[in-house]
Each structure stands twice: as structure tokens, then as C-alpha cells.
Amino acid sequence: MIRMIQSTSAGQAKAYFNDSLHQSDYYLNDQEQPGRFYGRVAARFGIMGMATKQAFHALCENINPITGQALTPRKKDNRTVGYDINFHCPKSVSIIHALTDDDHILDAFQASVRATMLDIEADAQTRVRKNGMDEDRSTGELIWADFIHQTARPVDRSVPDPHLHCHSFVFNVTWDVVEQQFKAGQFRDIKRDMPYYQARFHKRLADKLVELGYRIRRTDKAFEITGVPEHIIDLFSKRTNEIGQIANQLGITDQAELDQLGARTRAKKQKGLTMAKLKQEWRKQIFALGMRDKGKGEQPIRFTTVPLLPPPSPKHCIDHALAMRFERVSVMQDRRILEVAYRQGLGYPTLTVDQITKRFADDKRIIRVKDGPKTLCTTKEVLREEQQMVALAGQSKGLLLPLYPVTPEILLEGEQREAVSHVLTTTNRVSIIRGRAGTGKTTLMNEAIRLITETGYKVTVVAPTAQAARGVLREEGFSEADTVAKLLSSPNLQVALADGVLWVDEAGLLNTKDMTALLQLVTDKNARLILSGDTRQHSSVMRGDALRILNTVAGIRSAEVSRIYRQRHLDYRKAVQALADHKVGEAFSVLDSMEAIKTLDPTNSFATLAHDYLATLKKGKSALVISPTHKEGERVTKAIRETLREAGRIASVETTVSRLVNTNLTMAEKSDSRNYRAGQVIQFNQKLAGIERGSRWLVHCADDGIVHIQDASGQQTSLPLDRMEQFDVYRAGEIALAKGDKVRITRNGYDANKKRLTNGQMLEVIAIEPNGALRLHNKASKATYTVPTQFGHIAHGYCLTSHAAQGKTVDEVFIAQPASTFAATNLNQFYVSVSRARDGVHIYTDDKAALLAHASALGDRLSALELVKHRKAKRNAIEQMIRTARPVSPKVQPVLKRMETPDKPKVIQRKPVPHAPRPIL
């Protein structure tokens with residue numbers, strides 16, 4: 001793991017050096033290594049080598065350690081001093097290092113850290129603001145001090161755990177060769193690309209360990225050495241567990257806050273402990289849990305031969321990365337793709353980082369477009385898919401006679417009337433109705449279908465999700481509504497569509513693949529397609545914002561319905577309208593004036609939300625709680641259930657039942673045996689050879705590229721990894737339920753009496769049978785279900801993500817949006833959340849200003865067509881500038897240069913740096 005922590009105070013940075021980094025101030029005999037300066041800026045100063053206190057402090061104060069003069073043009077006192085980049089070994093690596101008698105693991109770790117720090121240095125930049133310029137310039141020079149530590153902080157006066165890690169403190173200075181001066185660095189892109197550097201670090205370290213004779217196994221975030229049991233790893237995670245417990249007590253989940261919490265809760269290191277004494281204590285703890293080494297003088301868990309599968313080719317790594325990254329988006333930054341490719345080659349020393357990088361640079365399938373400092377990528381396959389969809393839609397224009405030659409009498413007014421008229425009188429096969437949240441799209445839909453049916457045409461109604469189709473639409477009177485997936489897989493439904501009308505509700509959730517299939521289907525069946533949805537809300541989880549592309553790129557004209565009816569109070573309606581118009585600041589002002597935005601109590605984050613939620617229920621109103629992330633939702637759920645239990649709304653006696661949590665692996669991830677863990681549950685969606693549809697199998701083990709699974713009877717077989725679309729992978733867990741609890745179904749299925757259960761369906765627990773079976777009740781339909789204890793696909797239904805909440809309407813909505821959820825916050829998400837209620841909205845956050853900033857970011861995903869169009873527009877503008885002989889601005893010159901040669905990963909040729917005389921420090 002790598003973490004990057006900003007340091008904004010010279011005093012704190014110097015104290016950090018004195019107290020936490022430099023060995024002389026808290027020397028634990030031979031536990032720590034002396035710090036050393038590295039980097040091309042350090043070479044310019046001539047201070048490569050041991051990091052002295054005087055030089056470190058001078059750099060903290062922005063003083064040149066050679067001349068004693070100001071180092072960079074400092075304009076403010078609270079300047080960024082630097083960044084502490086932490087490199088952490090996997091825990092098993094630290095344990096094996098602690099039990100060995102030499103430094104072979106330490107050497108591998110240091111070499112991996114230094115190579116990765118050179119990667120970071122090569123990407124160093126500075127800001128350029130002279131002569132009216134406003135850009136960043138590459139410099140490729142930094143200075144940092146490395147401090148290698150071999151132990152974690154002690155917990156409860158116990159001896160420290162083994163923890164090999166390195167603090168690379170990078171100072172905020174670089175050398176601008178153009179301006180010939182030292183300047184502050186620009187670290188924004190380095191911070192953004194930290195997952196890329198981490199993948200390169202893990203690849204190097206894992207490869208070196210394999211060369212040393214160790215076997216590795218990949219984990220979710222890194223890797224571990226094979227042969228070190230999980231319970232031993234857990235044994236030496238005391239400090240991590242301590243911080244986690246304190247964080248849970250304080251309700252802290254944000255990574256930056258966790259880093260600060262770690263610093264605030266440090267125990268003092270113990271003096272007088274030698275590594276020999278520590279190793280003796282560690283062996284005692286390990287042996288107490290049953291693990292033994294092989295004898296004195298032998299290195300633990302080393303193998304003379306390491307049987308491995310043949311290494312994947314560089315192309316295989318790139319293939320996997322492209323498949324994984326472009327499953328859910330059409331455009332991706334190049335380094336996010338490379339990050340996955342490096343991870344795919346983890347543990348194969350003959351397959352190097354440079355080989356993978358070169359294969360990526362030479363791959364002709366990838367389309368690259370420079371976007372400032374970033375390179376955005378798509379593939380020719382993704383582009384062709386979008387082009388096919390747009391072509392199908394374009395071919396449908398003006399082909400059909402209108403359903404009505406003139407607009408009939410429509411029992412609606414204003415925009416709703418115009419929208420119905422649009423679909424009745426168009427000559428296009430495809431028509432779009434874009435309606436904002438709460439604009440009465442269901443009323444409009446009922447009237448339009450009534451008039452279409454009167455002409456003799458049959459209308460088939462579908463929606464992308466089971467909850468929208470079999471839940472919302474059927475509850476609103478469309479009794480035969482079904483899912484898009486059902487329509488595309490059912491020949492009978494397709495036959496019934498001939499010469500008719502297909503109405504797709506919530507069409508903003510359609511991905512490119514399904515939209516293309518629907519367009520082809522209505523073309524083949526001579527049917528009309530009406531797409532009703534809101535492109536301002538969430539789009540499909542899978543690749544392609546199809547409805548938006550058809551509207552903006554394919555030019556399919558849409559009828560707009562913008563007048564909002566859902567919100568009953570004028571100010572609330574104004575706030576939702578402002579969000580729909582992308583006026584986030586205006587919306588925040590209105591929400592603030594309504595006192596809708598409330599500050600979270602850091603000691604009991606969601607107690608107020610839970611009490612407000614209960615008060616709404618006591619009024620007999622319906623309520624919905626939303627949070628952007630599942631993790632935060634679990635914390636909110638805990639607070640709500642405690643409050644409901646105290647009020648007697650749910651029973652005090654709980655029953656724990658089994659639960660299955662979807663791992664949400666992509667197809668590419670499901671095809672890789674290294675992503676499987678013993679104990680995972682595989683549920684099959686289709687019948688395969690020897691495996692029944694709906695059956696569940698446990699992962700027994702994964703060896704040599706084969707995943708072995710077994711059913712309840714003990715029968716074993718291998719998982720067909722090439723049929724990954726036919727099964728889902730779950731993590732087994734538990735959920736505590738009580739009478740009165742609200743629950744949500746998380747997968748389509750059937751109860752014990754063969755009644756259909758729909759993904760997303762909200763039900764109430766009315767009884768729990770002695771055998772663990774659940775009796776559930778649907779308040780809307782009055783239906784009762786008996787769900788067997790092994791069903792598993794169930795979750796608490798109090799707090800939903802905005803994706804799950806889309807399409808729902810309640811009286812009041814409660815939104816939990818602290819800083820820990822800001823990574824998942826954007827305008828689409830915030831708009832969906834705020835617009836769910838009729839009467840009131842309540843927003844709970846711990847940083848109002850930051851919430852405004854994150855909620856202002858558009859959630860639209862760039863399409864391949866839009867990316868290529870952007871590239872063409874840029875080239876045309878430059879060519880026009882050349883043709884008119886206008887002076888080319890400095891900002892355009894780099895673009896011209898890049899047009900002459902294809903974009904490839906940058907390779908910096910390092911030139912010798914003249915050494916200044918070494919200062920006397």
C-alpha cells in the first residue's frame with residue numbers, strides 16, 4: 001500500500017522528523033534505518049546521503065541548505081512543506097522479514113521503493129504563471145528523504161508488531177530548467193495517480209520476492225506470501241485493529257481523518273529493545289498459535305523450486321485491463337488501465353513493468369486523446385459499438401407514418417401535452433421524452449398509452465431494472481411491465497412486439513449494448529420505440545450513457561418536460577429545479593435557507609438523523625434514507641435500528657440469518673482464478689453441464705489457474721471461468737433481523753411458495769420462524785412472503801444508495817453525506833437524492849463547503865464518440881489557425897508537437913546534474 005499525506009506546517013514537519021522519522025531521536029537500537037536524501041534536486045545541492053537534522057529543517061523552512069537563502073518564491077506562510085509518501089509491505093512480508101537472519105527482504109523492499117520514487121520524480125511538475133501563461137510544466141526533479149522502519153507502534157504496552165515500511169518525505173520544491181530557478185512543485189497529478197504508482201511498487205516487490213524463492217498469492221488490494229496463515233497475519237495487525245476500533249467509536253471513515261487519527265493515537269516507542277529480543281517475542285506469539293519454522297538456520301517458507309503457471313504475455317495483461325476497465329465506462333485514463341495491467345502480471349519476474357508499458361503504448365486498438373496533463377483512452381471496439389447504435393437510430397428518422405396525422409385531444413396541458421403530441425405525431429421510429437424528476441412522467445405515460453391503444457397499436461412496456469419494471473410500473477397500473485433483459489431473451493415477447501410500440505421507462509439507465517439491441521429489435525419488428533427518462537439522473541452501471549448519446553450525438557429530438565410537480569413546497573421545488581438546471585450554488589442557498597442542511601455531531605454522527613427519521617414515521621409519513629456509499633449506509637442503518645428499538649418500533653430480540661453479499665466483480669475479474677477465495681459462494685444464472693440453474697456452490701480452492709467448487713453434498717467440479725456471464729460471486733455473511741425491521745431483496749428469486757421476489761423490493765419482517773425462515777410483508781400490495789433462511793439475498797432496507805433510490809417517491813428524504821462519501825458524490829447523485837421527496841429534505845454533512853464543491857461536479861461519463869469529436873475539434877481549430885497564419889500561442893505549441901507524433905508514455909532521459917559543493921552541516 002502507498003499513502004500520500006500532505007504536510008502544511010514547517011513546525012509540524014520538523015517535529016515529525018524529530019519525533020517519528022529520524023532514528024537518533026527515538027532510537028530503538030537496531031529497529032530503524034538512518035534516513036537518506038535522494039533525488040535530482042538533492043544532487044544539485046550535493047547532499048545525497050544521510051539526512052541530517054540541519055538540512056531537513058532548512059528544507060522545511062523553505063531555505064536553501066547550501067546558501068541559507070530562500071529556496072522558492074514563497075507567497076504565503078501556510079505553504080505546503082511537502083508530502084509524506086508511505087510505502088507499506090504486505091503484513092506477511094513483514095512477518096517473514098522479522099523471522100529471517102539477513103536483509104534479503106529488506107533489500108528487495110528498498111529497491112522497489114526507490115524505483116517507484118524515481119517514477120514519481122519523473123512526473124514532477126511546477127506551475128507556470130509568467131507572461132500570461134496558466135499551465136503546468138514537467139520538471140522531472142525532486143528531493144526526498146527515505147526513512148525505513150521495521151516495526152509498528154506498540155499497542156497497550158505490548159512489544160511492537162513487525163511492520164516493514166518506508167516514509168519517503170518529499171519536499172515541495174523542484175527545479176524549473178526553463179526559468180532556471182527552484183520553484184514549488186505541482187503534486188496534484190501525482191496524488192491522483194497514486195494507485196498507478198502503487199501497482200508498479202507491488203509488481204516490483206512481488207517479482208523480487210518470487211526471485212528470492214517465495215510464492216505469493218494475490219489479495220484484493222495487494223498480495224501476501226503463500227504459507228503465512230491468516231490468523232498469524234491477524235495476530236500482527238494490532239495497531240491497525242486499534243485504529244479501526246477507535247475510528248468506529250468516533251465514526252471516522254474518511255482516509256485523511258484516519259491518517260490523522262493514527263498520528264494522534266501513537267504510543268511511544270519502547271527503548272532498549274533489540275531486534276533479537278523482538279524476534280524472540282514474535283516467535284513466541286507465532287508458536288503459541290501453532291506455526292513452526294523448519295529449524296535453526298533455515299529461512300521460513302522459502303522454496304527451492306517455485307512451480308508457477310507460465311507468465312502471461314504483455315498482451316494478455318493489456319487485454320485483461322481493457323476488458324475490465326471498459327466494461328463499465330467508454331473512456332478511461334491511461335494510467336488507470338496500466339494499473340490493472342501491472343496487477344495482472346504480479347509475481348512473474350520475467351514479465352517486467354517496462355514490457356507491459358511498451359505493449360500498452362504500441363497497442364493499435366487504443367485511441368488516445370490528450371486532455372491537459374492526462375491522456376484519456378477509448379478503444380476502436382467501443383467506438384464502433386457507439387457508432388452502430390447512433391447509425392441505427394439515425395436510420396429510423398422519417399420512415400413511418402405518424403400514429404396521428406394531427407394532434408388529437410389530449411387531457412393534459414403545457415409541456416406534458418406537448419410531449420404526448422410529440423410521440424403521437426412523429427414520423428421517426430425512435431422518439432425521446434426527457435422528463436426531470438417529479439415532473440409527472442407517469443401521468444404523461446398513461447395518457448400517451450391510452451391514445452396509442454385507441455389507434456389499435458399494442459404497447460409493450462419495459463424498464464431496465466426489475467424494481468422499476470415489476471415494482472414501480474406494475475404498482476402504477478402497468479400490470480404486464482417487464483424488464484429489458486426479459487424482452488431481449490424472450491422470443492414470445494419479441495413476436496408480440498411486431499408492428500407495435502415499445503415504451504422504455506427509466507431509459508436513462510440503458511447501456512450502449514442494450515440500447516443497440518433494442519434499436520435492432522424494433523427495426524426488425526417494424527415497431528416504434530419511445531424512450532422516457534432523465535439524463536440528469538444516474539445512468540447504467542455498464543458502459544455507455546445511451547439515452548444522452550442518442551439525444552446529443554445522434555440528434556434524436558426529444559420532448560422536454562421540466563415543470564416539477566412532486567415537491568409541494570415552493571422553496572423545495574426551487575432547489576430541485578436549480579439542481580436540474582445545474583445551478584448547484586443556487587440550490588445550496590435555497591436548501592440552507594430552508595435549514596435543510598444540518599451539521600453532523602462528530603461524537604454520534606447519525607443520532608440526529610435517526611431521531612428525525614423516527615419523528616417522520618410517527619407523523620404517519622413515508623420516509624427514505626440515502627447515502628452515496630454502502631459503507632456509510634451501514635453506519636446509518638445501525639443508528640436508525642438502535643433508535644427504532646428504543647422506541648419499540650422493532651423487537652429487542654434479534655435473530656441472525658445468513659446473508660450473501662455480491663462481490664460485484666467485472667467479467668474480466670471473474671475470468672481470473674486469482675480473484676477467488678475459499679468460502680466464496682457461486683450462484684449460477686443459467687444451466688451448465690452438470691450444474692443446475694440457481695444452484696449454489698462453495699469455492700473450495702484455486703490452484704494452477706483452476707477454481708475448484710463443491711455443492712452441499714460435497715460433489716466437486718471446476719468453475720467454468722470462460723462462462724463468467726453465467727454465474728455471480730458472493731461473499732457469505734450474516735445479518736441481524738428483528739420483528740418490525742425493514743428489509744430489501746437484493747436478487748430476483750422466489751419464496752417458499754414460489755411467489756416472485758424482485759431485486760430492490762422493500763418488505764417488512766412480521767415474524768421470524770423457529771427454523772430461521774422470515775415472514776415478510778409488502779405494505780403496498782398487501783402480499784405476504786415466506787423466505788427460507790438459506791435465501792441469503794437480503795439486506796436492511798433503511799438506507800439506500802442513490803442508485804437504488806432512483807425512481808422512488810416518499811414524503812420526506814434524509815441524506816447522509818459526510819466527507820467520507822465525497823468520492824462518490826457528484827451532481828447526478830445529489831440531484832437524485834434531493835429530489836425523492838414531496839414534503840421535505842434533510843441533508844446531514846460534516847463539511848458543507850466541500851459538499852457543495854463535490855456536488856457541483858457533473859456525473860456524466862464521456863462517450864467514445866464525444867472523445868473523438870473533442871480530438872477532431874482541437875485539430876480543426878489548430879489547422880484553421882495555421883491556415884489563417886495567426887500567431888500560435890504558447891499553449892497551442894505543445895499540442896502541435898504532439899500531433900506530429902502519436903501519444904506514447906513519456907520516457908525521461910536523465911542528464912547528469914552538476915553537483916554543488918557539499919555544505920558543512
Side-chain angles (χ1 to χ4, degrees), residues 412 416 419-420 423 431-453 457-490 492-494 496-497 500-511 514-515 518 521-522 527-535 537-541 546-547 559 561 565-566 622 624 744-745 747-749 755-763 778-783 797 800 803-810 832 835-836 838:
L412 297 172
Q416 289 187 326
V420 173
V423 300
S431 52
I432 299 174
I433 299 175
R434 290 179 62 210
R436 299 181 179 184
T439 55
K441 290 192 293 294
T442 303
T443 302
L444 180 160
M445 187 174 170
N446 271 305
E447 178 66 2
I449 290 178
R450 178 184 72 82
L451 290 168
I452 294 171
T453 305
Y457 284 87
K458 182 181 186 309
V459 181
T460 301
V461 178
V462 296
T465 67
Q467 177 59 18
R470 299 175 188 138
V472 176
L473 285 174
R474 290 187 181 182
E475 289 172 6
E476 291 175 344
F478 303 100
S479 58
E480 296 183 359
D482 220 315
T483 63
V484 170
K486 180 69 174 178
L487 172 64
L488 293 177
S489 64
S490 170
N492 291 336
L493 288 178
Q494 293 175 17
L497 184 61
V501 177
L502 175 62
W503 190 300
V504 183
D505 193 35
E506 293 287 356
L509 292 172
L510 284 172
N511 58 65
D514 286 344
M515 182 70 85
L518 289 176
L521 177 62
V522 295
R528 301 166 191 261
L529 176 61
I530 301 173
L531 302 166
S532 170
D534 185 2
T535 56
Q537 299 188 52
H538 288 300
S539 54
S540 168
V541 173
L547 184 64
V561 184
Y565 296 93
R566 179 180 295 162
S622 60
L624 177 65
R744 179 170 57 91
I745 302 301
R747 178 185 167 114
N748 296 333
K755 290 183 182 178
R756 183 188 289 275
L757 293 165
T758 302
N759 184 15
Q761 192 174 8
M762 304 291 285
L763 303 169
N778 186 331
K779 286 186 177 181
S781 66
K782 310 300 182 186
L800 307 182
H803 281 274
Q806 186 161 314
K808 297 186 182 298
T809 302
V810 293
V832 170
S835 62
R836 291 307 93 200
R838 304 181 188 92

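The structure displayed is predicted, hence computed values, not measured ones.
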Undergrad: Would you give the length of the straight line joining atom CD1 of I745 to atom CG of L757, rounded to the nearest 0.5 angstrom?
TA: 5.0 Å

Undergrad: Nearest 0.5 angstrom please: L547 CG to D534 CG, how far?
TA: 9.0 Å

Undergrad: I need the minimum non-hydrogen distance between Y457 and G500, along with the two atoms involved.
TA: CD2-CA, 4.2 Å

Undergrad: Just how far is it from atom CD1 of I433 to atom CG of L444, taken to the nearest 0.5 Å?
TA: 5.0 Å

Undergrad: Please report the C-alpha distance between E506 and T465 in whole Å, then the side-chain angles of each, then the deciding distance to 0.1 Å, and finally whether the side chain to side chain contact (heavy atoms under 4.5 Å, CB included) criterion is met.
TA: CA-CA 9 Å; E506 293 287 356; T465 67; over 6 Å; no

Undergrad: Taking the side chain as every heavy atom from C-beta outward, state whether V561 and R436 have any pair of such atoms under 4.5 Å apart.
TA: no

Undergrad: Quick one: OG on S835 to CD on Q537, what's the gap to the nearest 0.5 Å?
TA: 5.5 Å

Undergrad: Under 4.5 Å between any side-chain heavy atoms of Q467 and K808, yes or no?
TA: yes

Undergrad: Given side chains that start at C-beta, do those of E480 and V461 come closer than 4.5 Å, heavy atoms only?
TA: no

Undergrad: Might you point out which heavy atoms bring R470 and N748 nearest each other, and give the distance in Å?
TA: NH1-ND2, 3.7 Å

Undergrad: If you define the side chain from C-beta out and look only at heavy atoms, does anything of I449 sit under 4.5 Å from F478?
TA: yes

Undergrad: Could you walk me through whether T535 and R434 pass the side-chain hydrogen bond (donor to acceptor under 3.5 Å, both in side chains) check?
TA: CA-CA 7 Å; T535 56; R434 290 179 62 210; 2.9 Å; yes

Undergrad: Could you state the interatomic distance from CG (L529) to CD1 (I432), rounded to the nearest 0.5 Å?
TA: 8.5 Å

Undergrad: How long is the span from the CZ atom in R744 to the CE atom in M762, to the nearest 0.5 Å?
TA: 7.0 Å

Undergrad: May I ask you to decide if L487's main-chain N or O and S490's side chain share a donor-acceptor pair within less than 3.5 Å?
TA: no

Undergrad: Any sub-3.5 Å donor-acceptor pair from Q494's side-chain atoms to L488's backbone N or O?
TA: yes

Undergrad: Starting from the C-alpha separation in whole Å, work towards a yes-or-no answer on side chain to side chain contact (heavy atoms under 4.5 Å, CB included) for L531 and L510.
TA: CA-CA 10 Å; L531 302 166; L510 284 172; 4.2 Å; yes

Undergrad: Which heavy atom of S532 sits nearest to which heavy atom of K441, and what is that distance?
TA: OG-CD, 4.0 Å

Undergrad: Answer yes or no: are there more than 12 heavy-atom neighbours, outside K755 itself, under 6.0 Å from its atom NZ?
TA: yes

Undergrad: So I452 and I530, do their side chains get closer than 4.5 Å, heavy atoms only?
TA: yes

Undergrad: Do you know which two heavy atoms are closest between R836 and G807, and how far apart they sit?
TA: NH1-N, 3.2 Å

Undergrad: To check you understand the geometry: which heavy-atom pair defines the closest contact between N759 and R747, and what is its length?
TA: OD1-N, 3.7 Å

Undergrad: Mind listing the closest non-hydrogen atom pair of Q416 and T439 along with its distance?
TA: NE2-O, 3.1 Å

Undergrad: Does Q806 reach the main-chain N or O of H538 with its side chain, forming a donor-acceptor pair under 3.5 Å?
TA: yes

Undergrad: Verify, without hydrogens or angle tests, whether T483 (side chain) and K486 (backbone) share a donor-acceptor contact under 3.5 angstrom.
TA: yes

Undergrad: Is a donor on one side and an acceptor on the other found under 3.5 Å between the side chain of R528 and the backbone of V501?
TA: no

